[in-house]
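To start, the structure itself, in structure tokens.
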2 protein chains.
Amino acid sequence: MSGMPQRPYAPVLERLKEAGLRPTRQRLALARILFTNGDRHVTAEQLHDEALKAEIPVSLATIYNTLHQFTHAGLLREVVVEPGRSYFDTNTSDHHHFFHEQVGQLEDIPGDQVRLAELPAPPSGTAIRRVDVIVRIRPS
Amino acid sequence: MSGMPQRPYAPVLERLKEAGLRPTRQRLALARILFTNGDRHVTAEQLHDEALKAEIPVSLATIYNTLHQFTHAGLLREVVVEPGRSYFDTNTSDHHHFFHEQVGQLEDIPGDQVRLAELPAPPSGTAIRRVDVIVRIRPS
DNA sequence: CAGCAGTTTAGAATTGATCTAGACTGATTC
DNA sequence: GAATCAGTCTAGATCAATTCTAAACTGCTG
Ligand SMILES: [Mn+2]
Ligand SMILES: [Mn+2]
Ligand SMILES: [Zn+2]
Ligand SMILES: [Zn+2]
């Protein structure tokens with residue numbers, strides 16, 4: 001047992017380099033957790049727990065640093081749906097979200113499934129940076 | 001100087017009674033600040049400051065209590081746009097928002113100025129509780 | 001392999017919000 | 001109007017998420 005890691009580091013290493021981020025032990029490990037498991041929406045706390053379970057002792061401060069660096073590098077996108085807690089989205093393409101309030105869980109809505117037929121012009125002197133559509137759902 | 005207050009208490013008193021909330025000194029004062037100045041988007045901290053400036057010493061705990069009671073009574077609506085801070089909206093009609101990120105300020109978009117032409121069905125077993133559209137803007 | 005900018009980290013600090021338990025008060029009853 | 005009491009208010013403690021700090025560490029480059 002235990003030869004090479006289940007998942008290769010090469011692709012995420014490449015992503016970090018492209019983003020101009022030094023591929024440190026912690027960043028590599030976190031990038032692998034985040035980017036080799038399909039689209040994800042994680043909180044800092046969740047990622048921290050996962051890292052520790054995967055035997056990667058990372059401090060919470062580094063989790064926050066890394067999440068923000070990845071976000072600023074365009075590898076992640078921050079989504080705010082609840083006061084007091086941020087979610088980080090590995091899907092950086094144009095899309096929107098269901099938010100399951102009881103569970104605190106985000107789910108993608110493909111970008112083409114929400115059409116904003118009409119959108120007002122931004123107040124003069126301002127430009128639109130991003131449009132977020134949050135569809136809040138609950139068990140029925 | 002100082003006869004009757006600039007703004008009458010009667011109308012807000014009426015609103016409180018209708019909502020089944022006992023019209024206490026603090027609730028009356030806060031309701032007057034909130035509801036007799038047009039549509040507003042305030043944080044707890046902002047409302048607290050305003051109250052103190054208006055010579056109405058209210059504790060921060062009461063500010064939070066009141067904001068939540070008003071929200072649950074349908075007099076206010078909570079809007080989440082930033083991690084770590086909630087805004088309370090005196091406009092409870094169906095509408096959406098510009099959010100000026102640099103300033104931390106919300107601005108109404110009339111409900112009919114955003115049309116969601118297409119909206120996906122909610123995941124089975126769930127129902128839509130509310131749809132929030134946040135248009136994030138910045139100075140250009 | 002020396003040097004150093006960039007990175008990580010433990011722990012303290014900050015922030016917005018909530019909780020607690022006791023004091024207060026608006027409404028109701030006599 | 002005084003007594004009563006559920007509902008309300010408040011100071012202060014507490015909490016959860018996040019950020020900050022300053023010192024140790026580590027990936028590069030020369
Ligand atoms: Mn950031
Ligand atoms: Mn609430
Ligand atoms: Zn997403
Ligand atoms: Zn509004």
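Keep in mind it's a predicted model, so treat the numbers as computed, not measured. A, B, ... follow the sequence lines: proteins, then strands. Residue 1 opens every chain.
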Out of [options], which has the shortest distance to the side chain of [X]?
X: A/His68; options: D/dG12, D/dT19, C/dA10; result: D/dT19
X: A/Ala61; options: C/dA10, D/dC9, C/dC19; result: C/dA10
X: A/Ala44; options: C/dT9, C/dC19, D/dT18; result: D/dT18

Separation of [N] [atom2] from [X] [atom1] (nearest whole Å):
X: B/Asn65; N: C/dA21; atom1: CG; atom2: C1'; answer: 14 Å
X: A/Ile56; N: C/dT9; atom1: CD1; atom2: P; answer: 11 Å
X: B/Leu28; N: C/dG26; atom1: CG; atom2: C1'; answer: 11 Å
X: B/Glu82; N: D/dA17; atom1: CD; atom2: P; answer: 18 Å
X: A/Glu45; N: D/dT19; atom1: CD; atom2: P; answer: 13 Å
X: B/Gln69; N: D/dT8; atom1: CD; atom2: C1'; answer: 8 Å
X: B/Leu60; N: D/dC9; atom1: CG; atom2: C1'; answer: 13 Å
X: B/Arg85; N: C/dT18; atom1: CZ; atom2: C1'; answer: 16 Å

Problem - hydrophobic_cluster_shared for A/Val135 and A/Val81, side chain cutoff 4.5 Å - result: no

Handout entry: Base-contact (B) and sugar-phosphate-only (S) positions in nucleotides 2-7 of chain D, heavy-atom cut-off under 4.0 Å, - elsewhere
Key = ----BS

Exercise for the section: Could you check if a side-chain atom of B/Pro11 sits within less than 4.5 angstrom of a side-chain atom of B/Thr36, using non-hydrogen atoms only? Expected result: no

Exercise for the section: State, with a plain yes or no, whether a side-chain heavy atom of B/His41 is found less than 4.5 Å away from one of B/His97. Expected result: yes

N/O (side chain, [X]) to phosphate O (OP1/OP2, [N]) under 4.0 Å:
X: A/Gln26; N: C/dT9; value: yes
X: A/Thr24; N: C/dT8; value: yes
X: B/Tyr64; N: C/dT18; value: no
X: A/Ser59; N: C/dT9; value: yes

Handout entry: Distance-only donor-acceptor check, side chains B/Ser86 and B/Glu78, under 3.5 Å
Key = yes

Practice task
Identify whether any heavy atom of B/Pro23 sits under 4.0 Å from a base atom; if not, whether one sits that close to sugar-phosphate; answer base, sugar-phosphate or nothing.
Solution key: sugar-phosphate

Exercise for the section: Look at atom CZ of A/Arg40 and say whether more than 12 heavy atoms of other residues, nucleotides or ligands are closer to it than 6.0 Å. Expected result: yes

Practice task
Step through the shown structure and confirm whether more than 12 heavy atoms of other residues, nucleotides or ligands are within 6.0 Å of CD on A/Glu55.
Solution key: no

Completion exercise
Comparing B/Ser86 with B/Arg25, nearest DNA chain C nucleotide closer to 5' gives the residue B/Ser86

Practice task
Verify whether the ring centers belonging to A/Phe35 and A/Phe70 lie closer than 6.0 Å.
Solution key: yes

Problem - Which atom of B/Pro23 lies closest to which atom of B/Leu28, heavy atoms considered - result: O-CD1, 4.0 Å

Exercise for the section: Might you point out which heavy atoms bring A/Pro123 and B/Glu107 nearest each other, and give the distance in Å? Expected result: CG-OE1, 3.6 Å

Exercise for the section: Starting from the 5' end of DNA chain D, give me the residue, A/Thr43 or B/Ile63, whose nearest nucleotide shows up first. Expected result: B/Ile63

Handout entry: Residues in contact with DNA chain D, drawn from residues 46-54 of chain A - heavy-atom cutoff 4.0 Å
Key = none

Practice task
Could you pull out all residues at least two apart from B/Asp132 that satisfy side chain to side chain contact (heavy atoms under 4.5 Å, CB included)?
Solution key: A/Ile134, A/Arg136, B/Arg77, B/Arg130

